[in-house]
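Structure first, then comments.
Order of the sequence lines fixes the chain letters, A, B, ..., with proteins taken first and strands second; residue numbering starts at 1 for each chain.
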Amino acid sequence: MQKRRVIPGFSLSMGFTVTYLSLIILIPLAALFLKATRLGPSEWWEILTSPRLIAAAKLTFGASAAAAVVSTIFGLLVTWVLVRYRFPGRRLLDAMVDLPFALPTAVAGITLTAIYAPNGWVGQYLEVWGIQAAYNPLGVFIALTFIGFPFVVRTLQPVMEDFGVEYEEAAATLGAGRWIVFWRVIFPMFVPALITGFTLAFARAIGEYGSVIFISGNLPMQTEILPLLVVSKLEQFQYEAAAVIAAGMLMISFVLLFLINLLQRRLNWKNH
Amino acid sequence: MRHCSATSESAWVRRLLIGVAVTIISVFLLLPLAAVFAEAFRKGWEIFLASLHEEAALSAIKLTLIAAGISVPLNTLFGVSAAWLITKFRFRGRSLLLALIDLPFAVSPVIAGLVWVLLFGAKGWFGPWLELHDIRIIFALPGIVIATMFVTFPFVARELIPLMETQGSDQEEAAIILGARGWQVFLRVTLPNIKWGLLYGVLLCNARAMGEFGAVSVVSGHIRGETNTLPLHVEVLYNEYQFSAAFACATLLAFLALVTLGIKSAVEHLTGHQSSNHQ
Amino acid sequence: MSISIHSISKTFGAYTALDNVSLEVPNGSLTALLGPSGSGKTTLLRIVAGLDFPDPGPSSIAFHGDDVSEVSARKRGVGFVFQHYALFQHMSVAQNIAFGLRVLPSGQRPKKSEIRDRVLELLKLVRLEGLEGRRPHELSGGQRQRVALARALAIRPKVLLLDEPFGALDAQVRKDLRRWLRQFHDEIGLTTLFVTHDQEEALELSDQVVVMRNARIEQVGKPQSVYDQPRSPFVYEFLGNVNKLQEGKNVRYLRPHEIDVLFAAECDPATDVLARVYHLFSAGPIATLTVKLEDGQFLDVELSRKQLDELSLSVGDEVAVRLAGRTA
């Protein structure tokens, strides 16, 4: 059934888009899953429950979650200040928020290491208090907070900017103090955006490689992240094992992506 | 600013919050930026320049430029095509397509490189065939380009789709009724309307293409002087404890990031056009 | 050039936008497609323009006898003015108007000087001389409207289609433009079909009114006939203010100006009923009176100020009400 369309270019754009998408994305991902299925379920189990993987998974998911939480808290504060207050340098600060997003991960990686290493800019002070920030999970956590931060701010910003001051005014006229107004009236309206920002930061963090491998130390069972484990398997030509771990990570990523899409759609409906 | 209104905090709370926010941004974001430049120049200006002129560094820069030079235009072409398809037409599978375009964002860079090794590596699907025809994709330029294309795939599309969705199709329909043909409609009506979105998309796509590390690291083989892009070269130098040289190369990339942010800010400031989203 | 529409149906999934609609639009007329939202009028207009396609079937659209059903929108030679004008934002007024001429194939395209002359001629026609360099966002709503019109006319269309031409404008601008459009149409004599949900606009402007509802045409006719001889309660109610009086099992429809108000003493039981004045509104050229009948029903009555003064009424007064409406 040939459907007549007024606007031209349907076949051309459909053909090109689908072909390109298949070649660059779909076929490669399919290859990954196919490779992973070369191994049977028992081998899957063996790989996915190996101590080394479990350690890496704990570190990756744990640090990512913690980093996303901290990013969210910092992000809320910074967004509030950027949106609601006027002060010299505000524009500059606002532009800087995008830095972790625009900065290549390797650059972020070596720089964070330089800063937090025992003899580093900040690291030397932490050393005095006995805190070691580099070459251990804390370093991973710091790096992941760095890269997750812009996601929270940029997700929350439009919501805060659109936030009608009427709600606050109404609450104030009803006699509520400022703190209560914030917690009961303002904050709840940001929760959807915060959850979306958190999920975005989390999803990005679990796959992060470049920013983390310099500062983490990469000791298997201790400071090895999941992506590094995949690379390690690859370098040992254990393609199938690498594929299995990657497939597992992908499944989780897809679930998160699905969740994010859902959340963002809800967010858009609420705000437009 | 001393007034106390019904919808604002007292001055000292405000100042405190501003102070904390500025501190967070400074320590967290600005400090690393400063550190890059400080570390790069630690041994002085001459060493800095020498590092950049070193042969391996130059070839790394060249490789980075080539990879970006191929992937950005192609992904831009895709972005425009996908945005046109998705925003001007309604068809079954449209939402799925939209979700699929976002896919690379959800994938770890390492996996983005892994899939190509699985396809074109020695033990990959096409491995034997490529071996036979003496074509090298993995551990060579084509692999790097393809991996870069994968990770920068969505940028232009994601910038254009919300923009074109908001703009609607009225102007295009008007142009058609006035007698314009397909390409005329696109070039004369649509393109001028999306030019800022296109610019943002290309800027972000390029920044990511030049700075990509994880995916390229997996496919490149780290062959010094041949298959190292600039980010990979930074890693190589760092692992060899040539810290100043590593940071010198890193400053180039940091500079690229700053230029990208700068152009974006400037355009937003001058034209009032905002980027569609930040992902 | 006349427009002949035959058996057009259009469904969007489960939703029927048009149900076997047929219509004749005479050459040179100004015809209004009038109806509430969802009645199908914009869909019909877009199908005539070629921006949408009817469901497969025995349908046809003809301009002056020539079937254009298979002709693409690009080649139909239709002038279309969108509800929100759809002006090209990044082009000047002159460039907007010239667009249709500049995209002509090189064989048919006029010389640059000819295009320029035509643009100026059209600007003069729509009374926007001097604005050729402006951008759309620098214009008022009414000005954008006229640029859209000039742009549509530049290609010398066979018919002119307008989608809610005054919908996005302020009340005063709307009135002025209405007057202007009628004059304009009389000047150029192009067959024009426009969509509106405003009955006053349709009745005031058009030669022919097409009342639509729920994907069908309810009635077609001159404004006077449609107003005076409505064929259904819907048409009656849509075209003006209505009173609905329950009389036993029947409903009697009355226009506010068809009701006479007399002194209670003059009440003639054969034709009149008694009522009390409930509400009085007289700040305007016409006085509106709400009366409450003995059985509790309300009627709205329109009187001239003169009649009101003669009766010198206040709220609560008893009056006699003479009805002259029709039964449904």
Which region of [X], side chain (C-beta onward) or backbone (N, CA, C, O), has a non-hydrogen atom less than 4.5 Å from a non-hydrogen atom of chain B, or is it both or neither?
{"X": "A:Y85", "value": "side chain"}
{"X": "A:A203", "value": "neither"}
{"X": "A:L34", "value": "side chain"}
{"X": "A:I213", "value": "side chain"}

Selection from [options] maximising heavy-atom pairs under 4.5 Å formed with chain B:
{"options": "A:R90, A:R91, A:R204", "result": "A:R91"}
{"options": "A:I110, A:I27, A:T105", "result": "A:I110"}
{"options": "A:M249, A:R5, A:E235", "result": "A:R5"}
{"options": "A:I142, A:V153, A:V231, A:I25", "result": "A:I25"}
{"options": "A:W80, A:F149, A:Y209", "result": "A:Y209"}
{"options": "A:L228, A:L112, A:L234", "result": "A:L234"}

Residue pair B:A147 / B:V219: nearest heavy atoms and the distance that separates them: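 For B:A147 versus B:V219, the nearest heavy atoms are CB-CG2, 3.9 Å.
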
Polar side-chain atom of B:E39 near backbone of B:R42 as donor-acceptor pair, under 3.5 Å: no

Sequence neighbours excluded, every pair satisfying side chain to side chain donor-acceptor pair (under 3.5 Å) that has a member inside residues 97-121 of chain B: B:D102-B:R158

Side chain to side chain contact (heavy atoms under 4.5 Å, CB included) between A:F87 and A:V81, worked out: CA-CA 9 Å; A:F87 54 91; A:V81 169; 3.5 Å; yes

Side chain, backbone, both or neither: which part of [X] has a heavy atom under 4.5 Å from chain A?
{"X": "B:L261", "result": "side chain"}
{"X": "B:R90", "result": "backbone"}
{"X": "B:V117", "result": "both"}
{"X": "B:I146", "result": "neither"}
{"X": "B:N206", "result": "neither"}
{"X": "B:Y238", "result": "side chain"}
{"X": "B:E172", "result": "side chain"}
{"X": "B:L100", "result": "both"}
{"X": "B:L17", "result": "both"}
{"X": "B:L119", "result": "side chain"}
{"X": "B:V80", "result": "neither"}

Top contributor to chain A contacts, counting heavy-atom pairs under 4.5 Å, from B:V107, B:L103, B:I176: B:L103

Closest-packed option against chain A by number of heavy-atom pairs under 4.5 Å, given B:N75, B:V27, B:L30: B:N75

Validation row: B:F91, A:M14 side chains within 4.5 angstrom (heavy atoms):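 Counting from C-beta outward, B:F91 and A:M14 do come under 4.5 Å.
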
B:R181, CZ: over 12 other non-hydrogen atoms inside 6.0 angstrom: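 Enclosed.
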
A:Y20 and B:F153 aromatic ring geometry - parallel, tilted or perpendicular at 30°/60° bounds: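 The rings of B:F153 and A:Y20 lie parallel, inter-plane angle below 30°.
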
Plane angle bin for A:F146 and B:F28 - parallel if under 30°, tilted between 30 and 60°, otherwise perpendicular: perpendicular

Could you pull out all donor-acceptor pairs under 3.5 Å where a side-chain atom in residues 252-260 of chain B meets a protein atom, sequence neighbours excluded?
{"unit_1": "B:T260", "atom_1": "OG1", "unit_2": "B:L256", "atom_2": "O", "d": "2.9"}

